[in-house]
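The sequence lines fix the lettering, A, B, ..., with proteins before strands; numbering per chain opens at 1. Quantities reported herein were computed from a predicted structural model and do not represent experimental measurements.
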Amino acid sequence: AQSVAQPEDQVNVAEGNPLTVKCTYSVSGNPYLFWYVQYPNRGLQFLLKYITGDNLVKGSYGFEAEFNKSQTSFHLKKPSALVSDSALYFCAAGQTGANNLFFGTGTRLTVIP
Amino acid sequence: DAGITQSPRHKVTETGTPVTLRCHQTENHRYMYWYRQDPGHGLRLIHYSYGVKDTDKGEVSDGYSVSRSKTEDFLLTLESATSSQTSVYFCAIAVREGNTIYFGEGSWLTVV
């Protein structure tokens, strides 16, 4: 069965420090991997995706994510956190040829001034 | 802006009544989706469509039906609303399979 796990419900980080939001996946075949961000009372906004190629993917707002096939992980990272990065982050995975994405349960990131 | 409009954005309804949520897109994308978001569950797929009159069930389809009579509109109907269907419902679109899914702003539904 396909699934996505975000092991941390909450991540707190000080402004200016690097941040990591963790994601592991279980997908048959070659995965498509995504990160989305959600601000209060809003829809999900696309941040970045991995389809194939370079394992380090760069996305919007200075975020990047590293695909690690052996660890089936796709962690979201940013070198220097901003207070405005505080939001709910979702990892999602899809399968080649499939029409759906499976989402993790979300990680709430709080950046402390 | 993915050109997705959801209506209504907020609704309170009574148990047992039918409810229809509408998703409208302006860019003629083939794939459209309905998800629900609940704390502790993330987003779960209810139904999706891959063309006019072509729909399929997702993982939480019980109690829901959909229709797509035009490319631009995808309707989600709760046939007889229950309190367990209190949720935030998101419509989404994709250009083609495997491509990025873009979300609407959500419809907050409360069943009392």
Side-chain angles (χ1 to χ4, degrees), chain A residues 1-10 21-53 57 59-60 65 74 87-108, chain B residues 1-7 9-10 21 23-25 29-51 54-61 66 68 74 87-109:
Chain A
Q2 330 282 6
S3 64
V4 173
Q6 293 182 242
E8 300 160 317
D9 291 336
Q10 174 82 41
V21 183
K22 296 179 181 178
C23 172
T24 59
Y25 65 90
S26 174
V27 171
S28 302
N30 295 322
Y32 297 153
L33 299 163
F34 299 81
W35 276 101
Y36 289 84
V37 60
Q38 185 180 34
Y39 298 99
N41 301 315
R42 301 294 303 276
L44 278 70
Q45 296 179 27
F46 168 72
L47 275 181
L48 52 81
K49 68 179 177 183
Y50 171 84
I51 303 294
T52 187
V57 179
S60 306
F74 190 58
L88 187 57
Y89 290 81
F90 288 97
C91 180
Q95 179 185 3
T96 305
N99 293 316
N100 182 26
L101 291 182
F102 291 88
F103 284 81
T105 52
T107 298
R108 186 165 301 282
Chain B
D1 182 0
I4 304 170
T5 304
Q6 292 186 229
S7 59
R9 294 291 314 281
H10 298 271
L21 305 180
C23 179
H24 178 79
Q25 59 146 331
H29 293 306
R30 179 181 176 191
Y31 291 90
M32 298 185 76
Y33 307 81
W34 278 107
Y35 286 87
R36 60 178 288 175
Q37 182 180 11
D38 304 289
H41 291 279
L43 277 83
R44 293 178 292 175
L45 182 67
I46 305 171
H47 283 277
Y48 68 96
S49 170
Y50 45 95
D54 291 324
T55 65
D56 207 348
K57 295 179 179 180
E59 60 183 301
V60 290
S61 59
V66 290
R68 193 168 179 198
F74 192 33
S87 187
V88 185
Y89 292 86
F90 287 99
C91 177
I93 59 95
V95 174
R96 56 182 178 272
E97 67 179 59
N99 210 334
T100 304
I101 290 179
Y102 294 95
F103 288 85
E105 290 294 292
S107 294
W108 275 253
L109 177 68

>> Within this structure, what is the CG-OG1 distance for the pair Leu48(A) and Thr100(B), rounded to the nearest 0.5 Å?
In response: 9.5 Å
> Which distance, rounded to the nearest 0.5 Å, do you find between the NE2 of His10(B) and the CG of Asn41(A)?
Replying inline: 7.0 Å
> Relative to chain A, which segment of Gln6(B) carries a heavy atom at a distance below 4.5 Å: side chain, backbone, both, or neither?
Replying inline: neither
>> Within this structure, what is the CD-CZ distance for the pair Gln37(B) and Phe103(A), rounded to the nearest 0.5 Å?
In response: 9.5 Å
> Would a 4.5 Å heavy-atom cut-off, applied to side chains only, mark Leu101(A) and Tyr35(B) as touching?
Replying inline: yes
>> So Asn100(A) and Tyr48(B), do their side chains get closer than 4.5 Å, heavy atoms only?
In response: no
>> Please classify the contact of Ile101(B) with chain A as side chain, backbone, both or neither, using a heavy-atom distance under 4.5 Å.
In response: both
> Under a 4.5 Å heavy-atom cutoff, which of Gly106(B), Gly40(B), Gly42(B) has the most pairs with chain A?
Replying inline: Gly42(B)
>> At a 4.5 Å cut-off on heavy atoms, which part of Gln38(A) comes close to chain B: side chain, backbone, both, or neither?
In response: side chain
>> For Asp9(A), which atoms come within 4.5 Å of any heavy atom of chain B: side chain, backbone, both, or neither?
In response: neither
> Given a strict heavy-atom distance threshold of 4.5 Å, which part of Arg44(B) is in contact with chain A: side chain, backbone, both, or neither?
Replying inline: neither
> Within a reach of under 6.0 Å around CZ of Arg42(A), are more than 12 heavy atoms found that belong to other residues, nucleotides or ligands?
Replying inline: no
